[in-house]
Protein chains: 2
Amino acid sequence: MSEIKRTGRDTGLPDFDIGQFLPYRMTLAAQILSETLSRAYRDRFGLSIPEWRVLAHLATVDGASVRDIESRVAMEKSKVSRAASRLEARGLLSKQGNPEDRRLVHLTLTAEGIALMRDLLPLAEAFQRRIEDHLGAEFQAFDAQVQAIIDGFGAKGP
Amino acid sequence: MSEIKRTGRDTGLPDFDIGQFLPYRMTLAAQILSETLSRAYRDRFGLSIPEWRVLAHLATVDGASVRDIESRVAMEKSKVSRAASRLEARGLLSKQGNPEDRRLVHLTLTAEGIALMRDLLPLAEAFQRRIEDHLGAEFQAFDAQVQAIIDGFGAKGP
DNA sequence: CGATATTCGTTGCACATGCAACGTTTTTCT
DNA sequence: AGAAAAACGTTGCATGTGCAACGAATATCG
């Protein structure tokens, strides 16, 4: 379907089609999924993706430090910090000092934050099911391959 | 392996693990691949990802407009425009007005740009093979699933 | 116990990004 | 043909981002 029109002059370069290049394809697929979701988050809840990720993690493990979230959801600590500040300003979470280790900031969902997530999470779960349905029986295998990429290239290779 | 510690208070929210959420996992996998490559591009050639994409497309179809590239490599036209300007400043491509339609800008690799791509493309191809080897026999199926996501969610669904 | 190193979270800064607006050129419509 | 609409590429502006530096707090070591 996506044939390559080789219209230009001949450069003598090896054949290369970025549309068949896996890193590009993965980025594109991820971007398509994220943008679909992102639009919903923004339109209905006024949330950015970093904000959503922070809330999502707190929904699972309520009570976490910035560092916890940084390692869990693959975001730089400065990104987490700023997202948390915006969420605090909106009253969705609260920051408290941790008395046992006063370097840590303890993040907790407020009642309002919990209420928002009660509306938001079903949406996310529905989207996950929609993808699973779309991919059909091979979904499990696909997911395993995604994991293989994460495991295989996350740590530095030789 | 990645069990979820449910340490915090109970919020009554549905169970949700962002680590199992496919949009997040796809983004993470794509990010890992891109960052590995991106580091190589930057360290050895001083290229950003947008710049690399523009060059990659021109390596395939030498001679293209900004709009062509925008639709081919999934980048906004402003992003393409700025990347092209930087590449022109470095002498890797040249911009010429198109005499047939003077709204268009005709982008072409310079000799220097071609030489750079002659060094760069084998690196990209090697990386692609490395991923294919890593994923093994199921790679074809995996790639088809990636395509299914691109096709299925790219156009707006109901 | 005291000095040094490390961890945590925030912030300043330079830079990349998306979006809208713009001037120019071409296409479409009456 | 002439007017209105659309397409193309660039740029201004507000905002998001990564990185390094920082102050505060804790851990480690002699």
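FYI, side chains are in, hydrogens and waters are out, and symmetry mates aren't considered; it's all heavy atoms of this structure. Every chain is numbered from 1, with letters handed out A, B, ... down the list of sequences.
Here the side chain of B/Glu35 pairs no donor or acceptor atom with the backbone of B/Ile32 at under 3.5 angstrom. Judged by distance alone, the side chain of A/Arg25 and the main-chain N or O of A/Gln20 form no donor-acceptor pair under 3.5 Å.
One finds a salt bridge joining B/Arg67 and B/Glu70 here, because a Lys/Arg side-chain nitrogen approaches an Asp/Glu carboxylate oxygen to under 4.0 Å.
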Please assess A/Thr27 against B/Ser34 for the test side chain to side chain donor-acceptor pair (under 3.5 Å), listing each intermediate value before the final yes or no.
-> CA-CA 8 Å; A/Thr27 300; B/Ser34 286; 3.1 Å; yes
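The distance between the ring centers of B/His134 and A/Phe153 falls below 6.0 angstrom.
Counting to the nearest Å, the P atom of D/dG18 and the CD atom of A/Glu70 are 11 Å from each other. Following rounding to the nearest Å, B/Arg103 (CZ) and D/dC8 (C1') show an atom-to-atom distance of 6 Å. Between the CD1 atom of A/Ile49 and the C1' atom of D/dG16 there is a distance of 12 Å, rounded to whole Å. The separation between A/Asn98 atom CG and D/dA24 atom P is 19 Å, rounded to whole Å. D/dG12 atom P lies 17 Å from atom CD of B/Glu76, rounded to whole Å.
In this structure, of D/dA7, D/dA25, D/dG18, it is D/dA25 that holds the atom nearest to the side chain of A/Arg102. Distance from the side chain of B/Leu104 is smallest to D/dG9 among D/dG9, D/dA7, D/dT17.
Protein chain B touches strand DNA chain C; the 5'-most and 3'-most nucleotides with an atom under 4.0 angstrom of its non-hydrogen atoms are C/dT17 to C/dT26.
Residue A/Arg44 places its CZ atom among 12 or fewer non-hydrogen atoms of other residues, nucleotides or ligands, all under 6.0 Å distant.
In terms of position on DNA chain C, the residue among B/Lys77 and B/Arg86 whose nearest nucleotide sits closer to the 5' end is B/Arg86.
For B/Arg82 and D/dG12, a side-chain-to-base donor-acceptor distance below 3.5 Å is present, hydrogens and geometry of angles not being considered.
Note that the two end axes of the helix from C/dC1-D/dG30 to C/dT30-D/dA1 enclose an angle of 30°, each drawn from 5 base pairs, rounded to 10 degrees.
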